[in-house]
Amino acid sequence: MSSTTPRFRPFETNLELERSLATLRAATAGADDGELFLERRRSEVLVLDDGRIKNASYDASEGFGLRAIRGETAGYAHSSEISEVALIRAAETARLAVGDGGGTMAPPPAATNQRLYTDLDPFDDATFAVKIETLREIDAFARELDPKVVQVSASLTASMQEIEILRPDGVHLSEARPLTGISVSVIVEKDGRRESGHSSGGGRHGLAMLMTEDHWKAAAKEALRIALVNLNAEPAPAGVMDVVLGNGWPGILLHEAIGHGLEGDFNRKKTSAFAGLMGKRIAAKGVTVVDDGTIPNRRGSISFDDEGTPSQRNILIEDGILVNFMQDRQNARLMGVPATGNGRRQSYAHAPMPRMTNTVMLGGDVEPGDIVSEVKDGIYAVGFGGGQVDITNGKFVFSCTEAYRVRNGIVGNPVKGATLIGDGATALNKIRLIGNDMAMDPGIGTCGKAGQSVPVGVGQPTLLIGDLTVGGSAT
């Protein structure tokens, strides 16, 4: 931890541990489960836009949330004031969900000593002046790369989330979770036409590795490359065609189109397109999907989830067969299955729910070049931007930020304005070839659900999906 910022120790500075435990036990007497979650978060965002500091913000917050669960009902109360008075008030509120009691307290989560990332404070890696100077160097470097560059935006972000979890059975966990990122965007212009390119990355580590010259120069070059690709892009075709998805970040389509549908709460409530299909084939043979929160230093990784359950590598789809859902403690208990370490929350002000960590499709045995050569007429989608998904039926619409036309197995001109339209269940069954080049995204994913956002990771190999609908503007 930082030598300048004292470690978050709420039971030494604000509360007394035994009294807090007694209050929590009173709130959860007769309940099925519950916990006290305490958090301090510090975050910094520095943005240099077109040579000027556009944003330089530093935020700090702390608080607690107390939960009591009985059956399907959960009482949750939170406060930004960590004090005994606030804790007693929250306990009285959360207790209302328990009513007359009668529940049986669930056993505690398994113990773990795994630590998947450093607890060193990322704010110690560089001074404010050094961070600003690095952003200025990125700006100057990007402009020197190509005379067509007319605007550059670069940012550095850092946060440290420190949490403590206290359970009625006396289990007490604590952890510090760093998260850092770097982003570079460029706009290029030629003959009055402007296009943009973007590159970013990060993970659960310090800022130092992102601020090395080799790293930020590579990010600037990649942003410029994408911008120049888009500058020469033609209108995308429209129709039903074969689509090759690149490896790494295109796994965001997997995350959205099927990942949410494999979360336990949607399936318990039977609102998922995959409800009732456990043990059934839902994807083509060879398709294996895992949610793995144990990959060191990855953006979506957690040593244990926000209920205290150790993070795990959970196989969701095995060779096309649905074998598991992602579970928090409440939904796992109600469904009669083990918790999987996927109980996550945005902050102390939010109750946990089943969420993804790093969702990955495992690689196959086909060379990527052989996959592209199979396409007679289609597109090769390498980068994705925004998308929309309906969890109940898996229907999705995703926009491509980098894509190419493919004819007779040859990658041709870049195309602009392509959207992929379909539904997750159908797309899974139309996967025809799986590459041997599985890769993770660069560390940029953030997932939204029920008004909460958490950092996530995605990954996949190169894939060939047949008969996918492509939206475009080409005539």
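Just so you know, these numbers use all the heavy atoms, side chains as well, and skip hydrogens, waters and symmetry mates. For this chain, numbers begin at 1 and follow the sequence in order.
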Roughly how far, to the nearest 0.5 Å, is [atom2] of [Y] from [atom1] of [X]?
| X | Y | atom1 | atom2 | result |
| --- | --- | --- | --- | --- |
| Cys447 | Ile252 | SG | CD1 | 7.5 Å |
| Thr157 | Asn55 | OG1 | CG | 11.5 Å |
| Leu207 | Thr180 | CG | OG1 | 5.0 Å |

*Identify the residue among Asn358, Asp441, Thr446 that makes a side chain to side chain donor-acceptor pair (under 3.5 Å) with Arg299.*
Thr446
Would you call [X]-[Y] a salt bridge at under 4.0 Å N-O?
| X | Y | value |
| --- | --- | --- |
| Arg298 | Asp292 | no |
| Arg193 | Asp191 | no |
| Asp242 | Arg432 | yes |
| Glu307 | Arg344 | no |
| Glu189 | Arg194 | yes |
| Asp306 | Arg329 | no |
| Asp119 | Arg204 | no |
| Arg177 | Glu175 | yes |

When you measure from the side chain of [X] to the backbone N and O of [Y], does any donor-acceptor pair fall under 3.5 Å?
| X | Y | result |
| --- | --- | --- |
| Arg115 | Tyr117 | no |
| Asp265 | Pro354 | no |
| Thr288 | Asp319 | yes |
| Ser311 | Gly293 | yes |
| Asn267 | Lys270 | no |

*Taking the six-membered ring for Trp, are Phe398 and Phe384 parallel (under 30°), tilted (30 to 60°) or perpendicular (over 60°)?*
perpendicular
Ignoring hydrogens, what is the shortest heavy-atom contact between [X] and [Y]? Give both atom names and the distance.
| X | Y | answer |
| --- | --- | --- |
| Ile282 | Leu428 | O-CB, 3.5 Å |
| Gly51 | Asp139 | N-OD2, 3.5 Å |
| Ile465 | Ala427 | CG2-O, 4.0 Å |
| Gln346 | Gln452 | N-OE1, 2.8 Å |
| Ala223 | Val186 | O-CG2, 3.5 Å |
| Arg42 | Ala60 | CG-CB, 4.1 Å |

State, without any angle test, whether [X] and [Y] hold a side-chain donor-acceptor pair at a distance under 3.5 Å.
| X | Y | answer |
| --- | --- | --- |
| Asn247 | Thr462 | no |
| Tyr76 | Arg345 | yes |
| Asn342 | Asp291 | yes |
| His215 | Thr212 | no |
| Thr5 | Asp121 | no |

*asked:* Does anything in residues 216-228 form a side-chain hydrogen bond (donor to acceptor under 3.5 Å, both in side chains)? List the pairs, not counting sequence neighbours.
replied: Glu213-Lys217, Glu222-Arg225, Arg225-Glu402
*With sequence neighbours left out, which residue pairs that include part of residues 407-427 fulfil the side-chain hydrogen bond (donor to acceptor under 3.5 Å, both in side chains) condition?*
Glu195-Lys416, Glu234-Asn413, Asp423-Thr426
*Among Val243, Val470, Leu420, side-chain contact (heavy atoms from CB on, under 4.5 Å) partner for Cys400*: Leu420
*Reference residue Met211; test side-chain contact (heavy atoms from CB on, under 4.5 Å); the match among Leu156, Leu135, Asp125*: Leu156
*asked:* Using the rule given for salt bridge (Lys or Arg N to Asp or Glu O under 4.0 Å), can you reason through Lys131 versus Glu133, listing the C-alpha separation, both sets of side-chain angles and the distance that settles it, and then say yes or no?
replied: CA-CA 5 Å; Lys131 295 172 188 175; Glu133 180 57 30; over 6 Å; no
